[in-house]
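Right, one structure below, let's go through it.
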Amino acid sequence: MMFKRLFFILSLMFLMPVWAGKVIKVVTSANFPPYEFHQNGQIVGVDIDIIREVLRRNGMEMVVEDMKFDSIIVAIQTGKGDIAASGLTVTEDRKREVDFSVTYVQAKQVIIVREDSDIAAPQDLQGRKIGVQSGTTGDTFVTENIGNPQRFDDASTAVAALKSGKLDAVVLDYEPARVHVARNAGLKLLDEPLTSEEYAFAVAKGNRELLEMINKTLQEMIADGTIENIRAKYEKVTDIEVAETDPDGSFKDDLYTVFVKNARWRYLCNGLKVTLLVAFFSVILGVSIGFFVAIIRSTADTTGKLKIANFLCKVYLMIIRGTPVVLQLLIIYFVVFGSMDVDKVLVAIIAFGINSGAYVAEIIRSGIMSIDRGQMEAGRSLGLSYSKTMILVILPQALKNVLPALGNEFIVLLKETSVCGFIALEDLTKGGDVIRSQTYNAFLPLIAVALVYLVLVMTFSFALEKLEKRLKKNE
Ligand code: ARG
């Protein structure tokens, strides 16, 4: 049953590229209220409403894809997204990379500090610890004019760090800054802005048709007041549901806000599903690759045949074991599947499967090597072929010997999938991050996610132990 469903999902993934393209893909970084943020499991906000209306007026539909802000421009360039709607400021640098629509909002960078701060104006920022969202114009401004800032993936983590005294200031766009200050007692905005900016949507360079459509409709919407209405709808910052946990509230209240309210536990459940799906299929892929490579390598070592295959395997092992898995994941996502529309779960399975395969290969090879040479000779002299002896005599014993090492590899793999968030795949870890960014509570989501991994690994270890005992008995 379970298997059938998994395979159904997998085959859907393979088919995905075929029907994709009919729907416009909007990319955003949904940690930027009131422009884009998570609410009740959905991504909403000014940008989202505006672009949806633009597309609706042209008879189109859209899907929204959430990612790290500093991946957005690349996503547009590589075709991972058609339109960026992300409170994106028009800058000269960015104009070289993507095409911008007409602008629809005036914006500015402002400074958030603690109420008791001695920072009163921009010039007081020199030499202080400043937090920004990575890749934003706030980041650029601070980097160029003040000094190296601390770069966070999302503003709410930076604000949390400011609140707890780890930073002296946060530089952020005015409207999101207002939301953060309204939600966090003890913070204030400084009056003097650092920059003056304008937001626009972005499309891939040269995508004339799409850009003209956006521009035409956007101008209509500016003229007929639609933009203003949409902004007004999100005006009351206190209506924006980014419920922080109350610093004076009880632990029980916190538990409620973090997990129960707005069914936030669903981020963890959905994340868990993704984590398990990715881990399960990459183990299968990894073991298959591992077996294949191990057999080639040990055959080449003992018989001197398969020279070219052996060489290729060595290159594979070298590259995969010589580079971090996060980079492999990013390369497979952005480069290998660059302009292809492939489901991220599939991308992750391929990346982790290929990665794990390298380690599994060496584990299995060490198992094969541990088997006495006499076994192969015995098998051959009984009239079994090389491959028959390998499969029937050597491999079963080898596997038994390396079972603990293999188990270890699977545990590592399961936890390693926690970097899925880098391609904005909402796995378990990322699910916890979303809750953290919504509630400003760092403690509970992190601990909860850690516990879930722990339980998973414990269950797995237990099952493995059972298996080892069974195999022992059968000896
Ligand atoms: N306006 C700034 C920029 O373009 C910040 C935008 C951040 N947007 C977001 N969705 N987090 O760099």
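All residue numbers refer to positions in the sequence shown, counting from 1. Every number for a ligand or one of its atoms is a count from 1 in the order of the listing.
Ligand 1 lies under 4.0 Å from heavy atoms of Ser29, Asn31, Phe32, Glu36, Phe69, Ser86, Gly87, Leu88, Thr89, Arg94, Gln133, Thr136, Thr137, Asp173, Glu197, Tyr199.
Ring centers of Tyr234 and Tyr35: at least 6.0 Å apart, outside the cut-off.
Taking each heavy atom of Ala169 and Ile119 in turn, the nearest pair found is CB-CD1, 4.3 Å. Scanning both residues, Leu285 and Ile354, for their nearest heavy atoms gives CD2-N, 4.2 Å.
For Ser134, the side-chain hydrogen bond (donor to acceptor under 3.5 Å, both in side chains) test picks out Asp70, with sequence neighbours left out.
Between Lys216 and Glu220 there is a salt bridge, since at least one side-chain N of the basic residue sits less than 4.0 Å from a carboxylate O of the acidic one.
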For salt bridge (charged side-chain N to carboxylate O under 4.0 Å, His left out), just list the numbers for Lys273 and Glu426, CA-CA rounded to whole Å, side-chain angles, deciding distance to a tenth of an Å, and then say yes or no.
-> CA-CA 10 Å; Lys273 267 189 236 152; Glu426 280 201 16; over 6 Å; no
